[in-house]
Student: 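Structure below; questions to follow.
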Amino acid sequence: MTTAQTQELDVQPTPLALLLLGREADPKSERGVECPGDLPSPSDPDLVERARKAKEKLGDKVFVLGHHYQRDEVIQFADVTGDSFKLARDAAARPEAEYIVFCGVHFMAESADILTSDDQKVVLPDLAAGCSMADMATAEQVAECWDVLTEAGIAEQVVPVSYMNSSADIKAFTGKHGGTICTSSNAKRALDWAFEQGEKVLFLPDQHLGRNTAVRDMGMSLEDCVVYNPHRPNGGLTADELRAAKMILWRGHCSVHGRFSLDSVNDVRERIPGVNVLVHPECKHEVVAAADYVGSTEYIIKALEAAPAGSKWAIGTELNLVRRLANRFAPEGKEIVFLDKTVCFCSTMNRIDLPHLVWALESLAEGNLVNRIEVDKETEAFAKLALERMLALP
């Protein structure tokens with residue numbers, strides 16, 4: 001279609017399309033806006049040196065966090081690496097750092113802001129680095145869900161448990177309604193606690209982690225779980241279905257882990273005899289059921305560290321991490337491959353590239369605070385309450 005034809009039809013980009021392009025802002029969304037000012041060219045051969053100099057100039061004033069799914073070009077400048085909650089706690093343990101540069105996505109930077117002091121400033125190098133899973137549950141949708149549970153007469157029996165991969169608004173809702181946060185490492189402990197407080201759990205926003213934990217780790221049946229779809233009236237469920245359920249799972253998922261299929265598992269077993277299949281619990285239930293090992297990002301790393309030389313592994317998690325682990329353990333004779341044949345990076349994690357990191361560090365070194373992530377005080381208070389409940393889990 002030509003420009004003239006487009007103008008004649010008066011075609012305008014939708015707000016969602018602009019958000020996806022990083023050209024508009026929505027404070028209630030994980031997606032943000034493009035960075036102000038000019039980014040360095042990605043072809044600039046001096047980017048690594050520029051990042052090194054800016055970080056050196058900032059000294060102890062800056063603390064750079066790198067999530068496991070980040071690009072190698074970015075992770076090389078991280079002071080610590082880890083999963084989202086570990087990194088947020090690491091930031092809180094560095095009160096002398098004026099700036100926390102979080103190489104991850106938006107909800108992670110929010111968690112860091114919640115857990116750090118008021119004097120510390122959290123910076124996200126690209127505000128458009130959001131999380132599709134976190135975007136699948138908005139505060140308005142969850143409030144409407146709670147109304148549905150209230151009308152069904154079960155809200156008082158329901159304890160919300162929200163995955164760390166959620167917005168500050170959802171964490172605040174969880175804290176306000178007596179619930180807790182969980183990670184992929186402690187989801188069972190969180191659910192055990194929740195069922196001591198009430199008869200049912202509303203698990204947000206990843207249905208797969210909730211289902212896998214309930215069925216695989218706690219012995220529930222698939223029939224104990226129902227899926228609440230926020231895009232259908234009453235979540236697509238009857239009051240009787242809600243009353244009968246133990247686990248009310250939000251219809252959300254990780255766009256990376258949700259891609260793995262049972263075919264992926266069967267195919268890799270045929271291609272690599274004797275392979276160990278190790279997947280993240282954000283994968284679909286049939287994938288988890290067919291895998292040899294299931295665990296969080298940290299679990300995956302530790303399992304490969306302990307694996308014997310000559311062992312073969314197919315890993316179902318984000319490709320940046322899998323490739324980094326394959327290179328790390330190749331000298332030890334460990335064969336590590338990506339579970340699927342299809343390349344699958346986390347597109348929003350990959351928005352934090354070297355030009356954005358250089359731009360953020362150089363701006364801070366020049367005294368210009370950019371891309372600050374700041375959670376309002378009321379939201380922070382309730383979200384922190386939910387996080388503290390998690391920290392107090394046995």
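FYI, the numbering just counts along the sequence from 1. Please read all numbers here as calculations on a predicted model, not as lab measurements.
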Student: Under a single-linkage definition using a 4.5 Å side-chain heavy-atom cutoff for Ile, Leu, Val, Met, Phe, Trp and Tyr, are Ile300 and Val275 assigned to the same hydrophobic cluster?
Tutor: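 As far as the 4.5 Å side-chain criterion goes, Val275 and Ile300 are connected within one cluster.
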
Student: Tell me if the aromatic rings of Trp313 and Phe329 count as close, with their centers under 6.0 Å from one another.
Tutor: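 Not close enough - the centres of the two rings lie 6.0 Å or further apart.
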
Student: Answer yes when Lys53 and Asp46 have at least one side-chain N-carboxylate O distance shorter than 4.0 Å, and no when they do not.
Tutor: no

Student: Quick one: do Trp359 and Leu357 satisfy side-chain contact (heavy atoms from CB on, under 4.5 Å)? Show the steps, please.
Tutor: CA-CA 5 Å; Trp359 171 79; Leu357 179 60; over 6 Å; no

Student: For Glu156, I'd like to know if atom CD has over 12 heavy atoms of other residues, nucleotides or ligands within 6.0 Å.
Tutor: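 Not buried by this count: 12 neighbours or fewer within 6.0 Å.
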
Student: Test of understanding: with ring pair (Phe, Tyr, Trp, His ring centres under 6.0 Å), list the residues that count as partners of Tyr228, not counting sequence neighbours.
Tutor: Trp250

Student: If you define the side chain from C-beta out and look only at heavy atoms, does anything of Leu321 sit under 4.5 Å from Arg323?
Tutor: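 Leu321 vs Arg323: side chains apart.
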
Student: side-chain contact (heavy atoms from CB on, under 4.5 Å) for Met133 and Glu282? Distances and angles first, verdict last.
Tutor: CA-CA 11 Å; Met133 180 202 294; Glu282 289 177 19; 3.6 Å; yes

Student: To the nearest 0.5 Å, what is the distance between CE on Met390 and OG1 on Thr174?
Tutor: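 Separation between the atoms: 11.5 Å.
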
Student: Got a second to check how far Cys225's SG is from Leu249's CG, nearest 0.5 Å?
Tutor: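 Atom-to-atom, Cys225:SG and Leu249:CG are 5.0 Å apart.
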
Student: Decide yes or no on side-chain contact (heavy atoms from CB on, under 4.5 Å) for Met220 and Met247, but give the supporting numbers first.
Tutor: CA-CA 9 Å; Met220 294 187 200; Met247 290 286 292; 3.8 Å; yes

Student: Please check: side-chain N/O of Asn212 versus main-chain N/O of Pro281, any donor-acceptor pairing under 3.5 Å?
Tutor: yes

Student: Give me the other members of the hydrophobic cluster that Leu262 sits in, counting Ile, Leu, Val, Met, Phe, Trp and Tyr linked by side-chain heavy atoms under 4.5 Å, directly or via other members.
Tutor: none

Student: Is there a path from Ile170 to Val227 through hydrophobic residues (I, L, V, M, F, W, Y) whose side chains come within less than 4.5 Å of each other?
Tutor: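 No, Ile170 does not connect to Val227 through the hydrophobic network.
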
Student: So, does Glu151 use its side chain to make a donor-acceptor pair with the main chain of Val148 at under 3.5 Å?
Tutor: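 Not a single qualifying donor-acceptor pair exists.
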
Student: Take Arg94 and Asp90, measure what salt bridge (charged side-chain N to carboxylate O under 4.0 Å, His left out) needs, and give me the verdict at the end.
Tutor: CA-CA 7 Å; Arg94 291 291 292 264; Asp90 285 344; over 6 Å; no

Student: Is a donor from one side chain sitting under 3.5 angstrom from an acceptor on the other, for His257 and Thr317?
Tutor: yes

Student: Just how far is it from atom CZ of Arg259 to atom SG of Cys283, taken to the nearest 0.5 Å?
Tutor: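 Rounded to the nearest 0.5 Å, the CZ-SG separation comes to 12.0 Å.
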
Student: Side chains of Val279 and Val288: closer than 4.5 Å at any heavy-atom pair?
Tutor: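 Val279 vs Val288: side chains touch.
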
Student: Not counting sequence neighbours, list each pair that qualifies as a salt bridge (charged side-chain N to carboxylate O under 4.0 Å, His left out) and has a residue in residues 173-189.
Tutor: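 For residues 173-189, and leaving out neighbouring residues, the salt bridge (charged side-chain N to carboxylate O under 4.0 Å, His left out) pairs sorted by first residue read Lys188-Asp192.
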
Student: Looking only at non-hydrogen atoms, find the nearest pair between Leu115 and Ala88 and report the distance.
Tutor: CD1-CB, 3.8 Å

Student: If we ignore hydrogens and angles and just use 3.5 Å, is the side chain of Asn234 paired with the main-chain N or O of Gly236 as donor and acceptor?
Tutor: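 No, because the side chain of Asn234 does not come within donor-acceptor range (under 3.5 Å) of the backbone of Gly236.
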
Student: Using the salt bridge (charged side-chain N to carboxylate O under 4.0 Å, His left out) rule, collect all pairs that involve residues 290-317, keeping only residues at least two apart or in two chains.
Tutor: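 For residues 290-317, and leaving out neighbouring residues, the salt bridge (charged side-chain N to carboxylate O under 4.0 Å, His left out) pairs sorted by first residue read Arg269-Asp292, Glu305-Arg328.
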
Student: Do Glu335 and Ile272 have side chains that get closer than 4.5 Å, going by heavy atoms?
Tutor: yes

Student: Any salt bridge (charged side-chain N to carboxylate O under 4.0 Å, His left out) pairs touching residues 216-227, not counting sequence neighbours?
Tutor: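 Output for this query is empty, none listed.
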
Student: Which distance, rounded to the nearest 0.5 Å, do you find between the CD of Gln76 and the CZ of Arg52?
Tutor: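 Separation between the atoms: 11.5 Å.
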
Student: Among the clusters formed by ILVMFWY side chains lying less than 4.5 Å apart, do Val226 and Leu202 turn up in the same one?
Tutor: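 Yes, one cluster joins them.
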
Student: So, Thr183 and Asn186: side-chain donor and acceptor under 3.5 Å apart, yes or no?
Tutor: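 Note: Thr183 and Asn186 side chains meet the donor-acceptor criterion.
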
Student: Measure across Val215 and His285 and return the closest heavy-atom pair with its distance rounded to 0.1 Å.
Tutor: CG1-CE1, 3.7 Å

Student: For Gln141 and Thr138, indicate whether the former's side chain and the latter's backbone hold a donor-acceptor pair under 3.5 Å.
Tutor: yes

Student: Which heavy-atom pair separates Pro95 from Ala92 by the least distance, and what is that distance?
Tutor: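 It is CD-O, 4.0 Å.
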
Student: Quick check for you: to the nearest 0.5 Å, what is the distance between Leu124 atom CG and Asp113 atom CG?
Tutor: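 Nearest 0.5 Å value for the CG-CG distance: 11.5 Å.
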
Student: Is there a path of hydrophobic side-chain contacts, each under 4.5 Å between heavy atoms of I/L/V/M/F/W/Y residues, joining Leu204 to Leu209?
Tutor: no

Student: If we count only N and O atoms by modelled type, under 3.5 Å, do the side chains of Thr379 and Asp376 hold a donor and an acceptor together?
Tutor: yes

Student: When you measure from the side chain of Gln197 to the backbone of Ala194, do you find a donor-acceptor pair of N or O atoms at a distance under 3.5 Å?
Tutor: no

Student: What closest approach, in Å, do Ala326 and Ile336 show between heavy atoms, and which atom pair accounts for it?
Tutor: CB-O, 3.6 Å

Student: Do Ser111 and Met164 have side chains that approach each other closer than 4.5 Å (heavy atoms only, starting at C-beta)?
Tutor: yes

Student: For a 4.5 angstrom cut-off between non-hydrogen side-chain atoms, does Phe77 reach Leu354?
Tutor: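 Yes, close enough: below the 4.5 Å cut-off.
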
Student: Could you tell me if the side chain of His177 sits less than 4.5 Å from the side chain of Trp146, heavy atoms only?
Tutor: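 Yes; the side chains approach each other to less than 4.5 Å.
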
Student: Any Lys/Arg nitrogen of Glu286 or Lys284 sitting under 4.0 Å from an Asp/Glu carboxylate oxygen of the other?
Tutor: no

Student: Give the minimum heavy-atom separation between Ala155 and Thr150, together with the two atoms involved.
Tutor: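 Here Ala155 and Thr150 meet closest at CB-OG1, 3.4 Å.
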
Student: Can Phe63 and Phe102 be said to form a side-chain contact (heavy atoms from CB on, under 4.5 Å), step by step?
Tutor: CA-CA 8 Å; Phe63 191 49; Phe102 209 127; over 6 Å; no

Student: Would you say Arg389's side chain and Gly179's backbone share a donor-acceptor pair under 3.5 angstrom?
Tutor: yes

Student: With salt bridge (charged side-chain N to carboxylate O under 4.0 Å, His left out) as the criterion, how do Asp79 and Lys55 come out once you've worked through the C-alpha distance, each side chain's angles and the decisive distance to 0.1 Å?
Tutor: CA-CA 11 Å; Asp79 293 304; Lys55 191 165 184 282; 2.8 Å; yes

Student: Ignoring hydrogens and angles, tell me if any N or O in the side chain of Lys121 forms a donor-acceptor pair with the backbone of Ile100 under 3.5 Å.
Tutor: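 Pair absent, no side-chain N/O of Lys121 close to backbone of Ile100.
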
Student: Output yes when a side-chain donor or acceptor of Glu110 lies under 3.5 Å from a complementary backbone atom of His106, and no otherwise.
Tutor: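 Side chain of Glu110 to backbone of His106: no pair is present.
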
Student: Strictly by salt bridge (charged side-chain N to carboxylate O under 4.0 Å, His left out), give each pair with a member in residues 360-370 just once, sequence neighbours left out.
Tutor: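 Residue pairs passing salt bridge (charged side-chain N to carboxylate O under 4.0 Å, His left out), neighbours aside: Arg50-Glu362.
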
Student: Roughly how far apart are Ile301 CD1 and Arg324 CZ, rounded to 0.5 Å?
Tutor: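 Separation between the atoms: 8.5 Å.
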
Student: Check whether Val62 and Leu369 end up in the same hydrophobic cluster, where Ile, Leu, Val, Met, Phe, Trp and Tyr are linked by side-chain heavy atoms less than 4.5 Å apart.
Tutor: yes

Student: Check whether any side-chain heavy atom of Arg71 sits under 4.5 Å from a side-chain heavy atom of Ile352, and report yes or no.
Tutor: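 No, their side chains stay 4.5 Å or more apart.
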
Student: Got Val101 and Leu65 here, is their nearest side-chain heavy-atom distance under 4.5 Å?
Tutor: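 With C-beta onward as the side chain, the pair stays apart.
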
Student: Report yes if the distance between the aromatic ring centroids of Tyr163 and Phe107 is under 6.0 Å, otherwise no.
Tutor: no

Student: Verify, without hydrogens or angle tests, whether Thr116 (side chain) and Ala112 (backbone) share a donor-acceptor contact under 3.5 angstrom.
Tutor: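 Looks like yes, one N/O pair under 3.5 Å.
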
Student: Testing Glu96, Glu98, Glu56 for salt bridge (Lys or Arg N to Asp or Glu O under 4.0 Å) with Lys61, which one passes?
Tutor: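 By the salt bridge (Lys or Arg N to Asp or Glu O under 4.0 Å) criterion, Lys61 pairs with just one of Glu96, Glu98, Glu56: Glu98.
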
